[in-house]
2 protein chains.
Amino acid sequence: MVQKIKLSTIAESLGLSTATISLALRDSPLVAIDTREKIKDQARALGYIYNRRAASLRTSRSGIIGVVVHDIMNPFYGEILKAIESELDRSRHTFILSNHYDSVEKQRTFIETLLQLGGDGVIMSPAIGTPIEDVKLAEANGMPAILVARSMDGVDLPTYRGDDSYGISLATNHLIGLGHRTIAMIGGTDQTSTGRDRYQGYVNALRKANIEVDPNLRIPGPRSKQGGFEAAVHFLSLPQKPTAAVCWNDLVAIGLMNGIARAGLVPGQDISVTGYDDLEEASIATPALTTVWNGQTEVGRLAARALLDRLSGSHDPDGIHLIKPEMRIRQSTSPHHPRA
Amino acid sequence: MVQKIKLSTIAESLGLSTATISLALRDSPLVAIDTREKIKDQARALGYIYNRRAASLRTSRSGIIGVVVHDIMNPFYGEILKAIESELDRSRHTFILSNHYDSVEKQRTFIETLLQLGGDGVIMSPAIGTPIEDVKLAEANGMPAILVARSMDGVDLPTYRGDDSYGISLATNHLIGLGHRTIAMIGGTDQTSTGRDRYQGYVNALRKANIEVDPNLRIPGPRSKQGGFEAAVHFLSLPQKPTAAVCWNDLVAIGLMNGIARAGLVPGQDISVTGYDDLEEASIATPALTTVWNGQTEVGRLAARALLDRLSGSHDPDGIHLIKPEMRIRQSTSPHHPRA
DNA sequence: GTCATTGTGACAAACGATTGCCTACCGGAA
DNA sequence: TTCCGGTAGGCAATCGTTTGTCACAATGAC
């Protein structure tokens, strides 16, 4: 770096004032059109780099939006992020990403960092156990927050997520319709709203079909492929001999299918398995996974839009916006037939 | 936001000057220890939020580090990012992430944004076709750059990546050792150094074993599960009837295995398949994938360290640092036996 | 009693862009 | 000639921290 080019550098080289340069570069009609062009050419020629920190110090708008989710490597969040990214891209906002891995601590650190940077807003999928003060912290300092994928009790923020209870009942009903009666539920946790809703959806569907709900058919915990893979052993040794499994998400389902295959059974034939989310991967799994689309792209897109709208003044109605999930039937489920 | 708390707010409330507050909050020995404590307490009580933009305007250090790779949803990069994240975390740096999807355009926009924000440095896996000026742009404006996973010709930056040529020869030799003679190579592109190196490693290994290299056994292109899955059809219809496939990466390998299974063959038995990278997923695939560990965690860790070192003055030697890959033998490869 | 020395903390000038306010100038109407 | 409306562009204060330079007081040595 030989020397920083700043507005005054351009101004002097052209015999104008920095005010004019500033206005010209931002296409203000206060500067005559050809003066404007001349200024822009000169800026380009000198290799001028706009200093956002200086600008945002004055304007208190930084163009930075924070996004924090459980784990960006999880494709479910990945698909949400992609949707957010493409929505934010077209509005010249920069976004800062972070994982919280369900650590409240890490999440708070992120919010604080974002405040220090003067973030304009934040989109978050709150960590398990997030205290209300942490999101209040953002709002209290003028940084609007939007929730995705998970809701939080006791806080009235715009929230975008799938209708979990309805979605899981789609999957459960599908299996019931195929004749299955002993249906296990693999994965998930009661510590999130999502977890509670999904279990409830499963329970409701069974009840409605007059199938007794056996709490031992629930294997809570797994949320990843690895987890699903490991749960297969437990699943296959259940005394009730389930013929089907409703999984927490596609990753668990794929892991479970791998585990079932490893044990010498044929997933989709011997055991029916449903996923949840409909990740890109679901359709190329072996067998192709029957699952429930959870609207991740919609969630991301709407959340980003809502935040941008809010930044530009119009206050979107708070509250939870549920996306309707849709069933995707593939080869991992088949009619019930007694196990050999 | 009722009212912004700033240094002067604290200063007035305590009858001190902003200078003292500033020094105290950063634990300067220039301020007496109990004055310091009193100031910190007051800052906490008032809910003071450090304004990094103002600070960095003065100091021209922002604490921001940019990272741009092909696709953060790709687990290979994901594992690199995790390593970078954990290294950067302990040094109080914020990092900004972006995908370039191999668009030079998108990558340049990112670099420009980072410059505007006053980024302290950037770690990048350069997009295909990145012009030298783009990385020079960063360096010329005082923002050091480090390359990961891919190298760039004609530019002398610190680069951390696996030894592709050596790594792929491990996989190829493994298959040759099992008796395979007709070995296809699936995926990759000549447009990156990585692509060229891996193909070269494959060719060299075959030559050394006196196996004729048939360019038609190469199916370039695929880099994802989807791609591997789709390539299966082409692969299975090759007139040379390959008995094994060296894949570009684990994703392609897993996709290919799925495609092979879909066609009624048993991957790992009828066709031996090797992956590359040794993602977490490789060991739970069905069959468990024989692959080559590509040192992603090392790459990320070392690159982050190198950047931090450079930021703190010590200039790390430029040039390419190769990580030695290691073979991981699992069930997706088996001795050659004639196809039925 | 003087003179250093040390410890505290204040002053004020940056950093670079934005913007409300003001001036100068031009052409046209009365 | 005087006045008016309008356009182009300059001035200078401001955003919140940091930091080099100083000032002042207390201490201790001689």
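Lettering follows sequence order; numbering is per chain, from 1.
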Choosing from [options], which nucleotide comes nearest the side chain of [X]?
| X | options | answer |
| --- | --- | --- |
| A:Thr59 | D:dG16, C:dT19, C:dG9 | C:dT19 |
| B:Lys6 | D:dG10, C:dG9, D:dT17 | D:dT17 |
| A:Leu57 | D:dC15, D:dT17, C:dA17 | D:dC15 |
| A:Ala54 | C:dG16, D:dA12, D:dG9 | C:dG16 |
| B:Tyr48 | D:dA12, D:dG16, D:dT17 | D:dT17 |

Between [N] atom [atom2] and [X] atom [atom1], what is the distance in whole Å?
| X | N | atom1 | atom2 | value |
| --- | --- | --- | --- | --- |
| A:Glu12 | C:dG16 | CD | P | 12 Å |
| B:Ile39 | C:dA10 | CD1 | C1' | 13 Å |
| B:Gln116 | C:dA17 | CD | P | 11 Å |
| B:Leu16 | D:dC24 | CG | C1' | 16 Å |
| B:Arg52 | C:dC15 | CZ | C1' | 18 Å |
| A:Arg53 | D:dT14 | CZ | P | 23 Å |
| A:Arg36 | D:dG9 | CZ | P | 10 Å |
| B:Leu117 | C:dG16 | CG | P | 16 Å |

Please determine if [X] and [Y] form a salt bridge, counting it only when a charged side-chain N lies under 4.0 Å from a carboxylate O.
| X | Y | result |
| --- | --- | --- |
| A:Arg108 | A:Asp134 | yes |
| A:Asp309 | A:Arg305 | yes |
| B:Arg44 | B:Asp41 | yes |

Mind checking if [X] touches a base, just sugar-phosphate, or nothing, with heavy atoms under 4.0 Å?
| X | value |
| --- | --- |
| B:Gly118 | nothing |
| A:Ala55 | sugar-phosphate |
| B:Thr35 | sugar-phosphate |

For a quick test of reading the model, state the closest non-hydrogen atom pair linking A:Glu87 to A:Leu308 and the distance between them. O-CD1, 4.1 Å
With heavy-atom distances below 4.5 Å as the criterion, would you say the side chains of A:Leu147 and A:Tyr160 are in contact? no
Does any non-hydrogen side-chain atom of B:Ile84 lie less than 4.5 Å from one of B:Leu307?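 The answer is no; the side chains never approach within 4.5 Å.
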Applying the side-chain hydrogen bond (donor to acceptor under 3.5 Å, both in side chains) test to B:Arg223, which of B:Asn74, B:Asp71, B:Asp102 qualifies?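 When side-chain hydrogen bond (donor to acceptor under 3.5 Å, both in side chains) is applied between B:Arg223 and each of B:Asn74, B:Asp71, B:Asp102, only B:Asp102 qualifies.
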Does anything in residues 21-32 of chain B come within less than 4.0 Å of DNA chain C? Heavy atoms only, and list the residues if so.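 DNA chain C contact set from residues 21-32 of chain B: B:Val31, B:Ala32.
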C:dG9, OP1 or OP2 - any side-chain N/O from B:Thr20 closer than 4.0 Å? no
Strictly below 4.0 Å: does A:Ser60 bring a side-chain N or O up to OP1 or OP2 of D:dC15? no
Is there a donor in the side chain of B:Thr194 and an acceptor in the side chain of B:Arg161, or the other way round, less than 3.5 Å apart?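 Not at all, the side chains of B:Thr194 and B:Arg161 share no donor-acceptor pair under 3.5 Å.
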